[in-house]
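Below is one structure, written out as structure tokens; the observations come after it.
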Amino acid sequence: MAPSSPHSPDTISSVTDSICAKHANTDGALLIILNAVQDELGYIPKSAVPIIAKQQNLSRAEVHGVISFYHLYRDAPGGKNTVYICCAEACQAMGARDLMQHASKHLGVESHQTTSDNLFNLEPIYCLGNCACAPAVMINDTLHAKVSPQNFEKIIEEARKT
Amino acid sequence: MTQFYVPSDSAARSLGSDKIATMVSENFSDCSVIRNGSRGLYWLEPMVEVEIDEVRHAFGPITEHDVESLLANGTPNEAHEKYLGVTKNLEWLNSQERLTFARAGEIDPLSVEAYRSLGGFDGLEKSLQQSPQQIIDAIKESGLRGRGGAAFPTGIKWQTVADADGAKKYIVCNADEGDSGTYADRMIMESDPYSLIEGMTIAAIAVGADEGFIYTRAEYPQAIETLEHAVQQAEQTGYLGQNILNSDNNFTLHVRKAAGAYICGEETALLESLEGKRGMIRYKPPLPAIEGLFGKPTVVNNVISLASVPVIMNKGAEHYKNFGSGRSRGTLTVQLAGNVKRGGLFELPFGTTLRHVLYDLGGGTASGRPIKAVQVGGPLGAYIPESDFDTPLDYEEFAAIGGMLGHGGIVVFDDTVDLGQMARFAMEFCALESCGKCTPCRIGAVRGVETIDKILKGDEVTANQKVLEDLCHTMIDGSLCALGGMAPFPVLSIMKHYPDALGTGTTKTR
Ligand SMILES: Cc1cc2nc3c(=O)[nH]c(=O)nc-3n(C[C@H](O)[C@H](O)[C@H](O)COP(=O)(O)O)c2cc1C
Ligand code: SF4
Ligand code: FES
């Protein structure tokens, strides 16, 4: 879950090529490749799709189908950080609905959107495994517990600085 | 030298344990710090332990201000405001039966040596002295049933795979843990990963598999990282790879990251996903045990099912089976979550009542208000009212009240909850996560959301309640898998037990 930003076509093709080459002998490697591309570039660029399709012996449509099926794949660059707000039941029991609304207002974006300064994507997520310390938020790979609206603003400020 | 323990579990870290670990090192320069896993007493995290004369003393929850005074004259400061007592005497641990979670929170999760010192790999060694059939018989005898939700007997599944034709077989661990309110799988992966590796290795020996996969949800980055390290270390120390412990058994284990689709927790969708495809449900038969990953016979088991295997092989089927009630043998890892005062993991023999768990262990709600409802068994589980709290935690007893234990998650709601919205959420979640293969689920869930919206607006309430009920039954009867087939259960349970939540009692029509 790396930050995402636009990349040059050369970077995209060289990164994708080398990831594909690394997994050329692995059966059913498509998810491994997509995960690796997204980890490296922050999203799965459109121009990576034909490269992956060719190497995996699939049609472009099949690769697109897989990308669109899974919630965590992005097909366009987003902000530097991704803010995941848990909206599942245990977090709802502790105020996640209000937190999501507050986050949306505080960042000035709706779910699945990116802030205008390109710093934050806002994503609802369904369970982070921190359900005993709800509501839970994850920023990139860092998990937060018992996030009140005030806490939320604080952790966003910290993330802004890094 | 005084030994400190500060948990590295991701939930403990989310409560600030990294900072505490740093401060402990700075404050007590002549002491050493082990980053252990968590015992799952999350309301006490970060729980710091101080070991002296081989006795561990617990303090928690520790904030930055508490660190300096943890020691008095070089010994655990028993007068400290956060002093909890000798760890092994803590009533929250004493009241549990820690079989599967015996080591979680005790040790550095990645230390093979520490794992060994607490009985780790003993189950594997004993298994290597037995025939594969004897291992399968022991698992059958133990009464272990799948902890992923469906509660299918693990030994019978293994037997099917062992008996299936073919030289190539796989062991797949379902670590997709998608249910809200559950984190037991995460805890095993982060706090005692070798127990999962050992369980999978024993499964491989039992059914004749030489390759395995752990399919872990992407939302658990720390679990993935820990597992990857653990697999490497197990390979280096001869517990994985070729000629395991100098036997002629080989087992190669891969850790795979998912990509955020709840449906991929269903075993056939999971196999599709492992094959690099969309997570679409497969028709059964064939069972994965006969035609699973890449068409080969495959064991698919939940993390907790597999991590319970070593203790069964080490202490014997009889020992494990002696815990429990009725046909639910052994222990259930209860995970208390949501609006609960003492949220955390409690490994308990089956048969404990829900009430005991909610009040005696959980301490009621975090808000101090009355409990209105609990959802047991994840997003497809029923909402259970106070009048059913005396039900024992037992697969059959729960089925009898229209509920399910599932993976053991219990989400608590106080009386401020809007259950009409929770019913709506059940349908919304189903619509969001549907794989799309069958109409009752794909279309039904969307219609369910619309109908609930109408009811909540007061729009022809009685007629729409009827529509909703019919829709629920269509989904239950006509869905291919349990996502569409069970998403109506939370809705129906709310309609039944909380008639006001979805408009009954109001005659408002437009
Ligand atoms: C929609 C859906 C989601 C599921 N999610 C999970 C999951 O996250 N983890 C899991 O172990 N089992 C899950 N299951 C159950 C699996 O299909 C399967 O029964 C289980 O992996 C078998 O392992 P076990 O016998 O050890 O429980 C899910 C089932 C359904 C229908
Ligand atoms: S019930 Fe839903 S998730 Fe299951 S197979 Fe049908 S469409 Fe897919
Ligand atoms: S429900 Fe939010 S972390 Fe599990």
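Letters go in sequence order (proteins before strands), and every chain restarts at 1. Both backbone and side-chain heavy atoms feed into the values below; hydrogens, waters and symmetry mates do not.
- Crowding of B:Lys296 atom NZ: a count of heavy atoms from other residues, nucleotides or ligands under 6.0 Å not exceeding 12.
- For A:Ile32, the part lying near chain B is the side chain, with the backbone staying farther off; criterion is any non-hydrogen pair under 4.5 Å.
- Nearest approach of A:Met94 to B:Ala366, heavy atoms of both residues: CE-CB, 4.1 Å.
- The structure places CG of A:Leu31 at 11.5 Å from NZ of B:Lys277, a figure rounded to the nearest 0.5 Å.
- Ranking B:Arg342, B:Gln222, B:Met422 against chain A, the residue ahead of the rest is B:Met422, based on heavy-atom pairs under 4.5 Å.
- The shortest heavy-atom contact between A:Ala93 and B:Val412 is CB-O, 3.4 Å.
- Distance SG/A:Cys127 to CG/B:Asp179: 8.0 Å, rounded to 0.5 Å.
- Between atom CD1 of residue A:Ile67 and atom CZ of residue B:Arg278 there is a gap of 11.5 Å, rounded to the nearest 0.5 Å.
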So B:Met280 and A:Phe69, side chain to side chain contact (heavy atoms under 4.5 Å, CB included) or not? Walk me through it.
CA-CA 9 Å; B:Met280 300 290 278; A:Phe69 184 86; 4.1 Å; yes
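- Between A:Gln92 and B:Gln421 the shortest side-chain heavy-atom distance does not fall below 4.5 Å.
- Chain A forms more heavy-atom pairs under 4.5 Å with one residue of B:Ser180, B:Gly343, B:Ser367, B:Ala258 than with any other, namely B:Ser180.
- Of all the listed residues (B:Val340, B:Thr182, B:Asn339, B:Leu293), the one sharing the greatest number of non-hydrogen pairs under 4.5 Å with chain A is B:Asn339.
- Per-residue heavy-atom pair counts under 4.5 Å with chain B were compared for A:Ala134, A:Cys91, A:Gly65, and the maximum is reached by A:Gly65.
- The choice from A:Ala90, A:Ala29, A:Pro135 that makes the most heavy-atom pairs within less than 4.5 Å of chain B is A:Ala90.
- With a 4.5 Å cut-off on non-hydrogen atoms, B:Glu177 does not touch chain A at all.
- Other residues, nucleotides and ligands contribute at most 12 non-hydrogen atoms within 6.0 Å of the CZ atom of A:Arg60.
- Nearest heavy atom pair, residue A:Ala132 against residue B:Tyr183, reads CB-OH, 3.6 Å.
- The distance from atom NZ of B:Lys257 to atom CG of A:Leu34, rounded to the nearest 0.5 Å, is 11.0 Å.
- Other residues, nucleotides and ligands contribute only 12 or fewer heavy atoms inside 6.0 Å of the NZ atom of A:Lys54.
- The heavy-atom pair separating A:Tyr70 from B:Ser273 by the smallest distance is OH-OG, 2.9 Å.
- Only the side chain of B:Cys264 comes within contact range of chain A, judged by heavy atoms closer than 4.5 Å.
- Interface check for chain B: of the options A:Asn35, A:Val66, A:Thr26, the most heavy-atom pairs under 4.5 Å are formed by A:Asn35.
- Remark: aromatic rings of A:Tyr126 and B:Tyr262 are distant, center separation not under 6.0 Å.
- Considering all non-hydrogen atoms of both residues, B:Tyr42 and A:Cys133 come closest at CB-SG, 3.9 Å.
- Distance check: A:Asn130 CG to B:Ser14 OG gives 4.0 Å after rounding to the nearest 0.5 Å.
- The two residues A:His71 and B:Gly260 come nearest to each other via the heavy atoms CD2-O, 2.9 Å.
- Annotation: B:Glu225, atom CD; neighbour count of heavy atoms from other residues, nucleotides and ligands within 6.0 Å does not exceed 12.
- For the atom pair SG (A:Cys86) and CD (B:Glu219), the distance works out to 9.5 Å, reported to the nearest 0.5 Å.
- In this structure, the portion of A:Cys87 lying under 4.5 Å from any heavy atom of chain B is its backbone and not its side chain.
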